[in-house]
Amino acid sequence: MTASDDDLVAAAELAQKNAYAPYSRFRVGAALCVGERVFVGCNVENASYGATICAERGAIMAMVVAGQAAPDKIAIFTDGDEPAMPCGLCRQVLIEHNLKMVVLTATPSSRRSMKLSDLVPEPFVLKR
Ligand code: THU
């Protein structure tokens, strides 16, 4: 069993409330699930702009530090009408942990569901 889409979007919306985005004022919440376990992140900006951490990567860090792996699904919640797509850096981090994961993007008024593998058709992977 995995967390439902509704539960994951609700968790991402809750996480968005803690976003620290004084520079862009673009607040992002993310929630991913490993089975029924949910891990959340929000964007945390920094005066040294490059040190900003996106919401998706925050959720991945929370998952890894909890000793979990291979997320099934991630929900990303932003304001506005059009859902925001994960940035290139986050896509690269997400594929590291499961290229087959589902990506849900949501706003208060819309929702989209897609496969990470469609967002990253030719992923960079390092053979180990
Ligand atoms: N941001 C995310 O949290 N996730 C993304 O995939 C794209 C961008 C954040 C970073 C920054 O705090 C703000 O959105 C504007 O770029």
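Ligands are counted one by one from 1 in listed order, and the atoms in each one are counted from 1 as well. In this text the structure is predicted, and so the values were computed from the model without any measurement.
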Check each atom of ligand 1 against the heavy atoms of S24 and keep those under 4.0 Å away; list them by number with element. 13 (C), 15 (C)

So, 4.0 Å and heavy atoms of A21: is ligand 1 close enough to count as a contact? no

I'd like to check whether T52 has a polar contact with ligand 1, where a contact means an N/O of the residue lying under 3.5 Å from an N/O of the ligand. no

Heavy-atom distances under 4.0 Å are what count here, so tell me which part of C87 touches ligand 1: side chain, backbone, both or neither. both

For ligand 1, is there an N or O atom under 3.5 Å from any N or O atom of A55? yes

For R111, I'd like to know if atom CZ has over 12 heavy atoms of other residues, nucleotides or ligands within 6.0 Å. yes

Per-atom filter on ligand 1: closer than 4.0 angstrom to a heavy atom of P86 are 6 (O)

S24 side chain to E45 side chain, donor-acceptor N/O pair below 3.5 angstrom: yes

Are L8 and V28 co-members of a hydrophobic cluster defined by side-chain heavy atoms under 4.5 Å apart? no

So which heavy atom in the protein is nearest atom 14 (O) of ligand 1, and how far is it from that ligand atom? F26 CD2, 3.4 Å

Please state which protein non-hydrogen atom is closest to atom 9 (C) of ligand 1 and give its distance, to 0.1 Å? N43 ND2, 3.6 Å

Name each donor-acceptor pair under 3.5 Å that joins a side chain in residues 49-66 to protein atoms two or more places apart or in another chain, with its distance.
from: T52; atom 1: OG1; to: N46; atom 2: N; distance (Å): 3.3
from: T52; atom 1: OG1; to: Y49; atom 2: O; distance (Å): 2.9

Do K73 and D7 pass the salt bridge (Lys or Arg N to Asp or Glu O under 4.0 Å) test, and can you show the C-alpha distance, the side-chain angles, and the key distance before you say yes or no? CA-CA 11 Å; K73 201 157 50 172; D7 284 352; over 6 Å; no

Stepwise side-chain contact (heavy atoms from CB on, under 4.5 Å) test for L126 and F124: CA-CA 7 Å; L126 201 57; F124 170 70; 4.0 Å; yes

For E45, atoms of ligand 1 separated by under 4.0 Å from a heavy atom: 11 (C), 12 (O), 13 (C)

For residues N43 and Q16, is any side-chain donor paired with an opposing acceptor at under 3.5 Å? no

In this structure, are over 12 heavy atoms from other groups packed under 6.0 Å from Q92 atom CD? yes

If you have a sec, work out which protein heavy atom is nearest atom 6 (O) of ligand 1 and how many Å separate them, to one decimal? E56 OE2, 2.7 Å

Atom 8 (C) of ligand 1 has as its nearest protein heavy atom C54 SG, 3.8 Å

